[in-house]
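Computed from a prediction, not measured in an experiment: that's the story for all the values here. Numbers here are sequence positions counted from 1.
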Amino acid sequence: MTVQKFLKTLKTVKRTHLSKPYQKELPYSISKTLISPSSTILSDLNPSKFHQIISNPRHNPLQCLHFYNFFIKNQSLTSFEPDLQTHLTLISRLIEAQKFSDVEKLLKYLLIDEFNRYPFPFLASTIENCCCFELDVVAKLFNLMLNVYSDNGKFDLVIKTFDHMKNNEIQIDERTCTMHLLQLKKNDQISLSLEFFNQMVESGIEISVYSLTIVVDGLCKRGEIKRCRRLVEKMAIKGIKPNIVTYNVMINTCTKRWNFEELDCLLVLMEKEGVEFNANTFKFLIDGYTSFGKIQEAEELVSKMHDMNMKADSYMYYLIINGYCKLGFIDRALLLFDKMINRGISSNVDTSWALINGICKAGMMEVAMVYVSKIQSRGFELDQAMFNELVDGFCNKGMIDEAFELQIEMASRGFDADVCKCCKIIGGLLKFKRFDAAKELVSVVVSRDGSSNKLIMIDVDGNLV
């Protein structure tokens, strides 16, 4: 049987299911070289010949990989398995060709899928004793091993790999360690993350601020803010300076948890280290201050933003204006709203609603109409909620005519007034003996939702009977 006929026959052979990077057949161009002329079937290969094929420098590393996968898929037709030395030879050739994703797939098969076959000490010893490996290849191989262990949740083996590299002065790639920190955080292994980070620092690796921020973020998610700050202070002394992203992670946690004592410590540390606020810093602080009721402090931050030529957005203004309105400081809310408009920042739905709602709750209906006109002049239309709030405010103030006219305006725009608010208007109209107007409003609401029984049974004070 010729090799070509045999390869054609292999297409019909049931193959074992192994996860491999490539699923291609053995190319003809390499089959002539890879299988000796005297061989007529694949089973004629032996471990020595197989290793010679993989290690032959005349063969392209990717061709060797294709051949390796072809062999593995049809391993039932052979009498042996590739040994560890052959695996490592192929891996080293792929590393030299910078085919790192292929190497990781092979390592996954070797380290994870065949996990019990090669314990780490044996594997590490074999790599170290392989004199044909260049130092940079060995370093890259161990870093890729660390990455594969990490991706597959073998965190104990990551530590063994890391310790072996450190003890044997094998160069450790900081980026690989950073990716492991991300894996630990993703798996909520925060204690392991801090422990591994400390090992990184002790090993003398040049630590990036990104690695520090990953650990800080993990600790913050667990609410360990003080521990975060102490870690940051410790790293700053060692020359690993936290940046604004690192600080923002901690500031956001402090403000959400209303931990203003730690927040003050962080702000002092930022000033000491010369780290300037960015837009996110202001946003986190304003959000936290307003939710706690520290509205004046939040407004001071907006002023600071403008002093720094940073534009506060409408959401920040909404938080402060809404805070002032809830506390009953309507004058401050109005003043800030005017500042916002003068600074060229458009009012959004939430900001307009918060302002109008606060004014109406305070019974300042004349002021409310002034600001309604301001809002409308800037192209903003009232929605149903605002109309209802204005109607309620007029009723509470005893301004029944204005409430009635506004309700008619709502109807003309397709909005529906709240039934209880309609009852207030009708009661007020009856009180002033404006029966025709009351009847008109009853008809409007009845035609809308058939609530005639409910609306008719009210007294002259507008109360339901």
Set of residues satisfying salt bridge (Lys or Arg N to Asp or Glu O under 4.0 Å) with respect to [X], sequence neighbours excluded:
X      : answer
Glu169 : none
Arg229 : Glu233, Glu262
Lys99  : none
Asp163 : none

For Phe394, is the NZ or CZ atom of Lys397 found under 6.0 angstrom from the centre of its six-membered ring and inside 45 degrees of the ring axis? no
Contacts satisfying side chain to side chain donor-acceptor pair (under 3.5 Å) that involve residues 247-257 (not counting sequence neighbours) are Asn248-Asn278, Asn248-Thr281
Pairs where residues 303-313 contributes a residue and the test side chain to side chain donor-acceptor pair (under 3.5 Å) is met, not counting sequence neighbours: His306-Tyr317
Close aromatic pair by centroid cut-off 6.0 Å: Phe162 and Phe196: yes
Kindly say whether the aromatic ring centers of Tyr149 and His180 come within a distance under 6.0 Å. no
Mind telling me whether Phe70 and Phe67 have parallel, tilted or perpendicular rings, with 30° and 60° as the class edges? parallel
Quick check on Glu271: does its CD atom have over 12 non-hydrogen neighbours (other residues, nucleotides or ligands) under 6.0 Å away? no
By side chain to side chain donor-acceptor pair (under 3.5 Å), which residues pair with Asp217, not counting sequence neighbours? Lys185, Lys221
With sequence neighbours excluded, what pairs up with Tyr289 under the side chain to side chain donor-acceptor pair (under 3.5 Å) test? none
Residues in side chain to side chain contact (heavy atoms under 4.5 Å, CB included) with [X], at least two apart?
X      : result
Arg222 : Ile190, Ser191, Glu224
Leu335 : Lys339
Asp136 : Glu134
Ser291 : Trp258

Mind running side chain to side chain contact (heavy atoms under 4.5 Å, CB included) on Val209 and Lys241 for me, showing each step along the way? CA-CA 7 Å; Val209 68; Lys241 301 290 185 180; over 6 Å; no
Will you find, in the side chains of Ser211 and Thr178, an N or O donor that is under 3.5 Å from an N or O acceptor? yes
Using a distance-only test with no angle check, is there a side-chain donor-acceptor pair under 3.5 angstrom linking Lys361 and Asn357? yes
Would you name the heavy atoms of Glu96 and Val137 that are closest together and state the gap between them? CG-CG2, 3.8 Å
Minimal non-hydrogen separation, Asn348 against Ser314, with atom names: ND2-OG, 3.2 Å
